[in-house]
Amino acid sequence: MKIIDLRSDTVTLPTDNMLRVMKNAHLGDDVFEEDPTVNKLEEKSAEIFGKESALIVPSGTMANLISVLAHCERGTEVILGDKAHTFLYEAGGIAAFGGVHPRTLPNAKNGTINLDEIRSAIRSDNVHFPRTGLISLENTHNICYGSPLSKEYIDSVAIVAKSNNLPLHIDGARIFNASIALNLPVNTLIENVDSISFCLSKGLSCPIGSVICGKSDFISKTRRIRKGLGGGMRQAGIIAAPGLLALDEMIVRIKEDHLNAKILAEGINSIKGLHVELNLVKTNIVYFELEDNLQEIDKVVVDLDKKGIKFFAIGLNRFRMVTNRGIDSFDIDRTLVELSSYFESI
Ligand SMILES: *Cc1c(COP(=O)(O)O)cnc(C)c1O
């Protein structure tokens, strides 16, 4: 029986082509900036995102941590959503390692933060206050239904940031999902942003890695911080090679993940007792809720795991499924069959 793993798009395994380019990659010592494959990936990333420079790092978590540390001094504050990955799921790293204070504002269901709330959260010069150092957004927004943030919204936050002399960072772990959902190239989508991190290891199916893009002096700073955190890697071309391949070959196929997510969402919503906010399903993440709260949600996850369907319970009566390259339309059908027979039997 095939295991249908809908826990995340991080579970995707490297393709045969990726393994081949890893084996054949030209390598050097990247701490000396002498790995030609890494240099190529960084140049290509910077070009695709329309920024001056880029840096490969081991993970999305480290990409965000390094970006925040490069923008913010100790004791300053970053404005971010209360459902931001950086706030919820990155081990408190910005506080633990950077001494940076998270100023959380409520995320709307679509992942945005109210502009007036951002404006009024920016600190005035007063000895009682920490100084504001950064505004950070997430696109697509993982916990907020995988919502893509529009260019208009990002630009309006960028104007607030600029008029207050603050940098704007985007946690773009799934920025290509946003780009595809909005039908806009990533460089247009984030043209008014100072820095962005994106993951190679999610929908793009690479085994490891994330990339930070921004201005050259910012990237020089991130390079030093990466070294300090122990993230300087030697023959990192092994990681960069599938990254380069993914930027060529793996972006367009994300469309399939979005289509599968839509079919999955509609199917789940038609199962008695389950509810999906269908209008919020725009990328590869599907959240569904139990209409009554009676189930033990962890038991649901364990029971369906026994049927070969893996997903997460996130929140009080909420579940998350993430479509990815390992999931085809037969898997979606089988998931729906298993879910409906399970929920009809209880
Ligand atoms: C997965 C994810 C990250 C972190 O990526 P890792 O490589 O798992 O550390 C950051 N931000 C968002 C929104 C994510 O979904």
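First listed ligand is number 1; within each ligand, the first listed atom is number 1. We're numbering straight along the sequence, starting at 1.
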Could you go through ligand 1 and list every pair where one of its N or O atoms sits under 3.5 Å from a protein N or O, giving the atom names and the distance to one decimal?
from, atom 1, to, atom 2, distance (Å)
ligand 1, 7 (O), Gly60, N, 2.8
ligand 1, 9 (O), Gly60, N, 3.4
ligand 1, 9 (O), Thr61, N, 2.8
ligand 1, 9 (O), Thr61, OG1, 2.6
ligand 1, 11 (N), His85, ND1, 3.4
ligand 1, 11 (N), Asp171, OD1, 3.1
ligand 1, 11 (N), Asp171, OD2, 2.6
ligand 1, 15 (O), Asn142, ND2, 3.0
ligand 1, 15 (O), Arg174, NH1, 2.9
ligand 1, 15 (O), Lys202, NZ, 2.7

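Dense packing is recorded around NZ of Lys44, with more than 12 heavy atoms of other residues, nucleotides or ligands lying under 6.0 Å away. Within 6.0 Å of the NZ atom in Lys40, the count of heavy atoms belonging to other residues, nucleotides or ligands does not exceed 12.
The residues Glu191 and Lys151 are annotated as salt-bridged, a charged nitrogen and a carboxylate oxygen being separated by less than 4.0 angstrom.
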Can Ile79 and Ile122 be said to form a side-chain contact (heavy atoms from CB on, under 4.5 Å), step by step?
-> CA-CA 8 Å; Ile79 294 174; Ile122 296 170; 3.8 Å; yes

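Thr323 is listed as a side-chain neighbour of Ile332, based on a closest heavy-atom distance under 4.5 Å.
A distance below 6.0 Å separates the ring centres of Phe176 and Phe198.
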